[in-house]
Amino acid sequence: MTATAHDVLPEVSGAPRRLSVLGATGSIGCSTLDVVSHHTDAFDVVALVGNTNIELLAEQARKHRAEVAVTADETKYEDLKAALSGSGIEVAAGTQAVVEAAQRDADQVMAAIVGAAGLAPTLAAMREGAAIALANKECLVCAGDLFMAEAKVQGTDVVPVDSEHNAIFQVLDTRNLDQISRIILTASGGPFRTWTREQIATAGLEQALNHPNWDMGPKITIDSASMMNKGLELIEAFHLFPVTVDQLDVLVHAQSVIHSMVEYEDGSVLAQLGTPDMRTPIACALAWPRRIYSPSPRLRLEEVATLTFEAVDNDRFPSISLCLGALSTGKTAPTILNAANEIAVAEFLSKRLAFLDIVRVVELTLEQASRVGMIAPMACLDDVRAADEYGRSTAAEMAATL
Ligand code: NAD
Ligand code: MG
């Protein structure tokens with residue numbers, strides 16, 4: 001992957017970039033609009049897409065003078081229309097309207113919908129020629145080959161927003177891509193880093209939602225507690241960067257100051273550092289290859305004083321091996337894993353599943369998929385959809401048995 005396509009984007013200091021934000025009302029979406037609010041001359045907001053939080057979506061649309069505001073939830077159409085009446089801002093609702101919003105003429109699209117639901121609109125934006133600032137990791141996990149192949153066909157510039165991948169993107173020496181020996185993703189270890197497996201078994205919702213360093217949406221926060229997030233990120237890294245599965249490593253780094261590293265054949269290790277605030281990678285992705293100001297706090301290493309590193313404990317956190325296994329199996333395995341995880345996390349968030357059963361449901365779903373021959377090659381988006389639906393329904397069945 002190279003940054004060359006950025007060269008054709010309007011400069012952030014020149015004509016305003018036309019920017020759409022998919023998932024505007026979420027954690028990444030709000031941080032994106034916060035960065036944008038410091039650069040009102042550099043960005044024209046085109047489409048803002050949200051789901052159930054109509055009040056916030058309408059407020060954002062008015063503040064940023066969006067051309068159109070779209071809710072994925074069809075039942076909320078009248079509410080959104082009422083909230084934006086007299087503003088001159090177009091309103092739409094439903095899954096197809098989300099895709100159409102993504103297809104609006106834009107230079108750049110922030111893909112920050114959570115889950116596999118982000119795939120179709122992000123691909124649609126790509127096909128219309130927009131550069132993609134990619135926060136939604138699930139679309140790479142469930143359709144990485146197809147997604148990156150489409151990016152290649154379209155000549156799309158995909159800049160990762162996920163802090164680890166954005167770090168790697170920044171330190172990747174594109175002249176020496178064949179000299180990479182390892183990519184090392186750092187992991188905070190989440191709220192249960194020091195807990196025994198017995199303690200983790202008793203973890204409740206509030207404890208799992210209590211991330212020590214990052215303030216994020218609920219799904220990724222639970223994924224961080226189970227460390228499934230790191231497993232998904234390994235799959236994400238595999239698709240974004242020119243490495244094999246064996247070249248992917250994870251290192252637990254509790255302070256979340258080093259956001260990831262690349263080791264080269266000469267022994268050099270290049271890292272990107274910063275405070276744990278997503279507005280830094282967001283600003284980087286929005287402005288690349290230039291830099292713009294981000295309101296994130298500055299890193300003061302003398303205040304951090306100590307940086308620590310540990311190996312991952314695969315017994316307490318089996319999700320990472322599960323993800324690496326699915327990545328090695330390939331075909332529909334990561335798609336089914338992702339879908340099962342989305343269902344299991346939703347069940348945990350609704351207090352219908354115990355914490356350790358999240359990973360158990362994913363494991364059981366993959367085992368069942370393998371037994372019935374559902375781990376099959378994936379040639380098109382319909383194959384992705386079928387595997388996703390299979391993973392969801394099987395995971396729901398598995399969750400009901402636990
Ligand atoms: P979030 O739950 O805070 O926000 C999700 C957004 O998606 C909301 O705007 C919601 O309205 C919208 N949405 C949900 N379902 C939708 C649907 N079916 N159709 C259209 N829109 C829908 O999530 P988040 O934490 O902002 O994460 C967004 C994505 O970014 C995820 O894929 C996550 O893994 C990734 N990410 C987040 C962070 C972070 O710090 N929050 C860091 C790295 C990567
Ligand atoms: Mg991350």
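Read the numbers this way: they start at 1 and go in the same order the structure lists the ligands and their atoms.
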Check whether any side-chain N or O of Thr394 sits under 3.5 Å from a backbone N or O of Gly391 as a donor-acceptor pair, and report yes or no. no
About how large, to 10 degrees, is the angle OE2 of Glu233, then the Mg ion (ligand 2), then OD1 of Asp162? 100°
Which residues satisfy the side chain to side chain contact (heavy atoms under 4.5 Å, CB included) test with Thr40, sequence neighbours excluded? none
Backbone of Glu164 reached by a side-chain donor or acceptor of Asp162 within 3.5 Å: no
Exactly which residues line ligand 1, taking a heavy atom under 4.0 Å from it as the test? Gly23, Ala24, Thr25, Gly26, Ser27, Ile28, Gly50, Asn51, Ala72, Ala112, Ile113, Val114, Ala117, Ala135, Asn136, Lys137, Glu138, Asp162, Met216, Gly217, Pro218, Ile220, Met278
Which residues satisfy the side chain to side chain contact (heavy atoms under 4.5 Å, CB included) test with Val91, sequence neighbours excluded? Tyr77, Leu80, Lys81, Leu84
Would you mind naming the N, O or S atom of Glu164 nearest to the Mg ion (ligand 2)? OE1
Do the rings of Phe348 and Phe355 sit parallel, tilted or perpendicular, given the 30° and 60° boundaries? perpendicular
Please name all residues satisfying side chain to side chain contact (heavy atoms under 4.5 Å, CB included) with Asn314, sequence neighbours left out, ordered by chain then number. Val312, Ile320, Ser321
Are more than 12 heavy atoms from other residues, nucleotides or ligands located less than 6.0 Å from atom CD of Glu128? yes
